[in-house]
Amino acid sequence: AQSVTQLGSHVSVSEGALVLLRCNYSSSVPPYLFWYVQYPNQGLQLLLKYTSAATLVKGINGFEAEFKKSETSFHLTKPSAHMSDAAEYFCAVSDRRDSSYKLIFGSGTRLLVRP
Amino acid sequence: ETGVTQSPTHLIKTRGQQVTLRCSSQSGHNTVSWYQQALGQGPQFIFQYYREEENGRGNFPPRFSGLQFPNYSSELNVNALELDDSALYLCASSRPQGNTIYFGEGSWLTVV
């Protein structure tokens with residue numbers, strides 16, 4: 001069975017600092033991987049996805065993530081945090097063999113940005 | 001803006017009652033999925049509908065049921081509501097054979 005682990009339920013950075021949100025997955029075959037962002041009282045917005053093309057994936061709002069098969073990781077980074085990046089971030093995995101492509105989510109990481 | 005719309009946005013129900021949540025998928029998307037997000041947790045897959053048939057179900061009891069209509073819109077029905085059903089219910093749509101899922105803003109259900 002697939003699973004996702006997000007290390008750190010809360011991450012706090014200063015404005016302008018590097019953002020690093022960690023995600024490790026478990027899957028018997030290379031999965032599809034996603035990062036979603038959720039602002040307060042809103043739904044989920046897709047930041048980026050990995051579907052077996054380039055291992056370094058660029059997304060919206062300056063975020064990127066690198067798929068590392070040897071480490072079973074898909075960490076999310078942004079060189080310089082903005083106040084507007086404060087939100088909940090979810091890593092998710094889906095099985096390319098499953099026609100439903102259902103998503104299995106991690107428990108989320110809340111990003112706090114200090115002025 | 002993902003083009004996925006849900007209604008109602010908020011509602012309060014009493015334990016034991018029934019609720020129906022509605023979702024309109026993005027244009028061109030024939031697959032609709034429903035997720036439950038309890039407070040402080042990640043979303044959990046309830047089920048998916050493709051061409052009006054259920055196509056996958058998560059670990060939810062039968063009192064969670066759904067429908068998909070010919071225009072690809074969908075309903076989530078929950079019978080015999082329990083306090084633990086209080087959550088944000090998210091609808092998501094995707095293209096045929098698409099591996100990217102787009103979410104609506106969700107319906108907040110409170111069971112008292």
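On a predicted model such as this, the values are computed, not experimentally measured, just so you know. Below, chains carry the letters A, B, ... as their sequence lines are ordered, and counting in each starts from 1.
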Does [X] have more than 12 heavy atoms from other residues, nucleotides or ligands lying within 6.0 Å of its [atom1]?
X        : atom1 : result
Arg51(B) : CZ    : no
Leu39(B) : CG    : no
Arg15(B) : CZ    : no
Arg57(B) : CZ    : yes
Asn59(B) : CG    : no

Legend entry - Smallest separation among heavy atoms of Asn41(A) and Trp108(B), with atom names: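 What the structure gives for the nearest pair is OD1-CZ2, 4.1 Å.
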Legend entry - Shortest non-hydrogen contact from Leu90(B) toward Gly43(A): CD2-CA, 4.0 Å
Inset, instruction - Under 4.5 Å, counting heavy-atom pairs only, tell me which of Arg110(A), Glu88(A), Gln38(A), Gln6(A) racks up the most with chain B. - result: Gln38(A)
Legend entry - Spacing of Ile104(A) atom CD1 and Phe45(B) atom CZ [to the nearest 0.5 Å]: 9.5 Å
Inset, instruction - Drop me the distance from Thr100(B)'s OG1 to Leu48(A)'s CG, to the nearest 0.5 angstrom. - result: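 Rounded to the nearest 0.5 Å, the OG1-CG separation comes out at 11.0 Å.
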Legend entry - Between Phe103(B) and Tyr36(A), ring centroids under 6.0 Å: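 Under 6.0 Å, so yes.
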Using the rule that two of Ile, Leu, Val, Met, Phe, Trp, Tyr join whenever any of their side-chain heavy atoms come within less than 4.5 Å, decide whether [X] and [Y] are in one cluster.
X         : Y        : result
Phe105(A) : Tyr89(B) : no
Val32(B)  : Leu21(B) : yes
Phe60(B)  : Leu76(B) : yes

Legend entry - Residue Glu105(B) versus chain A: region with a heavy atom under 4.5 Å: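 Backbone plus side chain of Glu105(B), per the 4.5 Å heavy-atom cut-off to chain A.
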Legend entry - chain A contact via Gln44(B) - side chain, backbone, both or neither, heavy atoms under 4.5 Å: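 Neither part.
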Inset, instruction - With the side chain counted from C-beta on, respond yes when Ser94(B) and Tyr101(A) share a heavy-atom pair under 4.5 Å apart, and no when they do not. - result: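 No. Closest side-chain heavy atoms not under 4.5 Å.
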Legend entry - Main-chain N/O of Leu103(A) paired with Tyr35(B) side-chain donor or acceptor, under 3.5 Å: yes
Inset, instruction - Answer with yes or no whether the side chains of Lys102(A) and Ser33(B) bring together a donor and an acceptor at under 3.5 Å. - result: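 On atom types as modelled, these side chains do not qualify, holding no pair under 3.5 Å.
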